[in-house]
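Reading through the structure tokens given below for one structure.
Residues: numbered from 1 along the sequence shown. Only this structure's heavy atoms are used, side chains among them; waters, hydrogens and symmetry mates stay out.
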Amino acid sequence: MKVAIIGYGKMGHEIERVLIERGHSVVLTIDINNADQMMVADTLRKADVAIEFTSPATAYCNIVRCIEAGVPVLSGSTGWTARKGEVDELCRQKGGRFFYSSNYSLGVNVMFRLNRWLAKVMATLPQYNVKIEETHHIHKLDAPSGTAATLADEMCQASGGKLRVPHNEIISYREGEVPGIHTITYDSDEDTLTVSHSAKSRRGLALGAVLAAEWLVAQSEAGVYSMDDFLAI
């Protein structure tokens with residue numbers, strides 16, 4: 001698999017390490033110093049797939065350029081998804097392949113599914129108050145994290161709107177080099193129930209992204225995909 005890495009910071013370097021370990025080749029790396037290469041479709045077309053981890057300010061345009069160049073693209077950037085509907089529609093119009101997740105950790109995606117199930121149960125127990133907390137490294141630009149926002153949105157949907165944690169009420173911390181901690185707490189006068197996921201390093205995110213990219217390249221049909229499709233749950 002020939003891969004273009006868009007966003008060559010710490011996450012991009014970790015993705016590169018995992019790709020090489022798994023026998024793939026990196027044919028293009030895009031960062032702030034050579035961002036103009038994103039404008040050259042032939043440069044992008046060297047790759048079988050693009051893996052995009054950048055910033056809220058640049059993700060949308062990066063993804064659009066990949067789709068317009070006919071290159072399947074997987075993105076893990078957060079903070080831009082108010083425009084995801086536009087990207088999804090463009091992907092369908094162009095017959096492209098686009099894969100998005102706010103978090104590629106396999107453990108986090110298990111937590112997403114647990115969160116949906118638990119929200120249905122807790123919606124019947126009004127004595128519990130719910131809160132969501134997240135902690136990331138000081139370099140993370142968006143707050144709350146995309147993962148925490150996903151937990152809040154899916155909780156609301158799964159509970160039929162009975163459990164609501166608005167994004168501006170998610171508690172966010174930025175400390176040192178913390179890879180990522182996400183915690184849901186249900187608290188009552190009688191007891192406290194906590195569900196938490198703590199990443200040990202960026203490798204879990206990078207490995208999940210590479211596995212999803214391998215899966216995306218293998219798909220014969222155009223479409224917009226997610227970790228639900230990849231995990232078939």
**OP:** Give a yes or no on whether the backbone of Ala69 and the side-chain of Arg45 come within a donor-acceptor separation of less than 3.5 Å.
**Re:** yes

Original post:
Are Glu134 and Lys140 within salt-bridge range, i.e. N to O under 4.0 Å?
Top reply: no

Original post:
Taking only residues two or more places apart in sequence or in another chain, which ones pass side chain to side chain donor-acceptor pair (under 3.5 Å) with Thr124?
Top reply: none

Original post:
Are Asp228 and Arg113 close enough for a salt bridge, meaning some N to O gap below 4.0 Å?
Top reply: yes

**OP:** Examine the side chains of Gln37 and Thr43 and answer whether a donor and an acceptor come within less than 3.5 Å of each other.
**Re:** no

**OP:** Determine whether Val64 and Phe99 fall in the same hydrophobic cluster, where Ile, Leu, Val, Met, Phe, Trp and Tyr are linked whenever their side-chain heavy atoms lie under 4.5 Å apart.
**Re:** no

Subject >> Within 6.0 angstrom of Lys162 NZ, more than 12 heavy atoms from elsewhere >> reply: no

Original post:
In the hydrophobic clustering that connects Ile, Leu, Val, Met, Phe, Trp and Tyr at side-chain heavy-atom distances below 4.5 Å, which members other than Leu151 occupy its cluster, ordered by chain and number?
Top reply: Val108, Met111, Phe112, Leu114, Trp117, Leu118, Val121, Met122, Leu125, Tyr128, Val130, Ile132, Met155, Leu163, Val165, Ile170, Ile184, Tyr186, Leu193, Val195

Original post:
Got a donor-acceptor contact below 3.5 angstrom from the Arg97 side chain to the Val217 backbone?
Top reply: yes

**OP:** Kindly determine whether Val49 and Val71 satisfy side-chain contact (heavy atoms from CB on, under 4.5 Å), including the steps that lead there.
**Re:** CA-CA 6 Å; Val49 64; Val71 178; 5.6 Å; no

Original post:
Under 4.5 Å between side-chain heavy atoms, hopping through other hydrophobics if needed: is there a path connecting Met227 to Leu207?
Top reply: yes

**OP:** Determine whether the side chains of Thr147 and Thr150 contain a donor N or O and an acceptor N or O closer than 3.5 Å.
**Re:** no

**OP:** Give a yes or no answer on whether the side chain of Tyr8 reaches the backbone of Ile5 with a donor-acceptor pair at less than 3.5 Å.
**Re:** no

**OP:** Mark yes or no for whether Asn109, through its side chain, and Leu106, through its backbone, hold a donor-acceptor pair below 3.5 Å.
**Re:** no

Original post:
Would Asn115 and Glu154 count as having a side-chain donor-acceptor pair, cut-off 3.5 Å?
Top reply: no

Original post:
Is the count of non-hydrogen atoms from other residues, nucleotides or ligands lying under 6.0 Å from Glu221 atom CD greater than 12?
Top reply: no

**OP:** Determine, using the 4.5 Å side-chain heavy-atom cutoff (strictly less than), whether Val87 and Leu74 are members of one ILVMFWY cluster.
**Re:** no

Subject >> Modelled atom types, side-chain donor and acceptor of Glu52 and Ser77, under 3.5 Å >> reply: yes

Original post:
Short question: side chain of Ser188, backbone of Asp191 - any donor-acceptor pair under 3.5 Å?
Top reply: yes

Original post:
Can you tell me how far OH of Tyr100 sits from OG of Ser226, rounded to the nearest 0.5 angstrom?
Top reply: 11.5 Å

**OP:** Establish, from distance only, whether the side-chain atoms of Glu169 and His167 form a donor-acceptor pair under 3.5 Å.
**Re:** no

Original post:
Is Gln157 atom CD crowded by more than 12 heavy atoms from other residues, nucleotides or ligands, each under 6.0 Å away?
Top reply: no

Original post:
Does Asn62 use its side chain to pair, donor to acceptor, with the backbone of Met38 at less than 3.5 Å?
Top reply: no

Original post:
Going only through I, L, V, M, F, W and Y residues with side-chain contacts under 4.5 Å, is there a path from Val210 to Leu28?
Top reply: no

Original post:
Who pairs with Lys2 by side chain to side chain donor-acceptor pair (under 3.5 Å), at least two apart in sequence or on another chain?
Top reply: none

Original post:
So Glu89 and Lys84, salt bridge (charged side-chain N to carboxylate O under 4.0 Å, His left out) or not? Walk me through it.
Top reply: CA-CA 9 Å; Glu89 181 59 28; Lys84 184 175 180 294; over 6 Å; no

Original post:
Is it true that a side-chain atom of Tyr104 and a backbone atom of Leu211 form a donor plus acceptor pair closer than 3.5 Å?
Top reply: no

Subject >> Whether Arg83 side chain and Trp80 backbone form a donor-acceptor pair below 3.5 Å >> reply: no

Original post:
How about Leu216 and Tyr225: do any of their side-chain heavy atoms sit closer than 4.5 Å?
Top reply: yes

Original post:
Hey, is the main chain of Ser105 close enough, under 3.5 Å, to the side chain of Asn103 for a donor-acceptor pair?
Top reply: yes

Original post:
With a 4.5 Å heavy-atom cut-off, do Leu231 and Trp215 have their side chains touching?
Top reply: no

Original post:
About how many Å separate CD1 of Ile15 and CZ of Arg203, when rounded to the nearest 0.5 Å?
Top reply: 12.0 Å

**OP:** May I ask you to decide whether Arg65 forms a salt bridge with Glu68, counting only side-chain N to carboxylate O separations under 4.0 Å?
**Re:** no

Original post:
Any side-chain donor-acceptor pair under 3.5 Å between His182 and Ser196?
Top reply: no

**OP:** Show your reasoning for whether side-chain hydrogen bond (donor to acceptor under 3.5 Å, both in side chains) applies to Glu214 and His24.
**Re:** CA-CA 10 Å; Glu214 292 172 348; His24 304 302; 2.6 Å; yes

